[in-house]
Enquirer: 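Pasting a structure below so you can have a look.
On a predicted model such as this, the values are computed, not experimentally measured, just so you know.
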Amino acid sequence: MELIIILTVIIFLIGTVSIALPSKSTREISNLRLEASKLGFKIISSKLSTQSFKNKDFSLVCYQFKNETNIKEAHFIRDKDDLILYSPLKLKYSDGYDEIKVKLSKFSLKVHEIIYSKTLIAFLWEEKSGLEELKNISSSIKEL
């Protein structure tokens with residue numbers, strides 16, 4: 001009987017310690033977020049973001065950075081394989097929209113939504129894609 005109690009306590013302690021240790025995927029995401037913050041990104045849960053994203057998938061994460069582009073107001077949403085303009089419609093009828101549309105077609109499928117405001121660019125993406133994908137997304141957004 002004493003042996004069963006001792007064995008149960010040992011199993012309980014091992015289980016408690018294993019729950020406290022971070023998993024491999026948690027460590028990878030932590031490292032990604034650390035590197036992203038070094039590159040100037042602000043990471044926010046899509047539930048807590050001040051931006052009004054239309055996508056309600058809470059597995060996606062909102063990354064923000066300073067807007068240094070010519071676009072000061074735009075909202076793009078992924079529809080199947082394309083990013084489409086959600087607002088403002090006046091951008092759709094501007095002279096440079098065809099060039100914007102070509103650049104949007106080259107965006108990563110991991111980006112689900114992009115919002116340009118006067119000060120920030122915010123985008124929802126699948127964080128598990130890694131740091132290289134984040135750098136590619138950032139450069140693509142800045143080129144737009």
Enquirer: Taking only residues two or more places apart in sequence, or in another chain, which ones meet S25 in a side chain to side chain contact (heavy atoms under 4.5 Å, CB included)?
Expert: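 Counting only residues at least two positions away or on another chain, S25 forms a side chain to side chain contact (heavy atoms under 4.5 Å, CB included) with S23.
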
Enquirer: Is there side-chain contact between I100 and L85, with at least one heavy-atom pair below 4.5 Å?
Expert: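 When only atoms from C-beta onward are counted, L85 and I100 do not touch, as no gap falls below 4.5 Å.
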
Enquirer: So, for S139 and N136, which heavy atoms are closest and what is the spacing to 0.1 Å?
Expert: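 Taking every non-hydrogen atom into account, OG-O, 3.0 Å.
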
Enquirer: Could you tell me whether the side chain of L134 reaches within less than 4.5 Å of the side chain of E127, counting heavy atoms only?
Expert: no

Enquirer: List for me each residue that meets side chain to side chain donor-acceptor pair (under 3.5 Å) alongside E99, sequence neighbours excluded, and say none if there are none.
Expert: K103

Enquirer: Does any non-hydrogen side-chain atom of F76 lie less than 4.5 Å from one of Y116?
Expert: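 Yes, side chains in contact.
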
Enquirer: Nearest heavy-atom pair of V111 and W125: which atoms, and what distance?
Expert: CA-CB, 4.1 Å

Enquirer: E126: which residues meet the side chain to side chain contact (heavy atoms under 4.5 Å, CB included) condition with it, sequence neighbours left out?
Expert: L60, K110, H112, S129

Enquirer: Which distance, rounded to the nearest 0.5 Å, do you find between the CD1 of I29 and the NZ of K128?
Expert: 6.0 Å

Enquirer: Could you list all the side chain to side chain donor-acceptor pair (under 3.5 Å) pairs where at least one residue sits in residues 79-88, not counting sequence neighbours?
Expert: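 Counting only pairs at least two positions apart or across chains, no side chain to side chain donor-acceptor pair (under 3.5 Å) contact touches residues 79-88.
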
Enquirer: For K72, look at atom NZ and say whether over 12 heavy atoms of other residues, nucleotides or ligands are found less than 6.0 Å away.
Expert: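 Counting other residues, nucleotides and ligands, NZ of K72 exceeds 12 neighbours.
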
Enquirer: Please list, chain by chain and in numerical order, all residues satisfying ring-ring contact (aromatic ring centres under 6.0 Å, His included) with F65, sequence neighbours excluded.
Expert: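 By the ring-ring contact (aromatic ring centres under 6.0 Å, His included) rule, F65 matches F41.
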
Enquirer: In Å, rounded to the nearest 0.5 Å, how long is the span from NZ of K66 to CD1 of I121?
Expert: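 With rounding to 0.5 Å, NZ (K66) is 11.5 Å from CD1 (I121).
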
Enquirer: Indicate every side-chain donor-acceptor pair of residues 5-16 with a distance under 3.5 Å to a residue at least two apart or in another chain.
Expert:
unit_1	atom_1	unit_2	atom_2	d
T8	OG1	I4	O	2.7
T16	OG1	F12	O	2.8

Enquirer: Strictly distance-based, threshold 3.5 Å: is any side-chain N or O of S30 a donor or acceptor partner for the main-chain N or O of T26?
Expert: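 No, the answer is negative, given that no donor and acceptor are paired below the 3.5 Å cut-off.
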
Enquirer: In the single-linkage hydrophobic clustering (I, L, V, M, F, W, Y; side-chain heavy atoms under 4.5 Å), do I77 and I114 co-cluster?
Expert: no

Enquirer: Working to the nearest 0.5 Å, report the span between CG of L83 and NE2 of H75.
Expert: 10.0 Å

Enquirer: Report the distance from atom CD1 of I115 to atom CD of E73, rounding to the nearest 0.5 Å.
Expert: 11.0 Å

Enquirer: Looking at side-chain heavy atoms only, is the closest gap between L39 and K135 below 4.5 Å?
Expert: yes

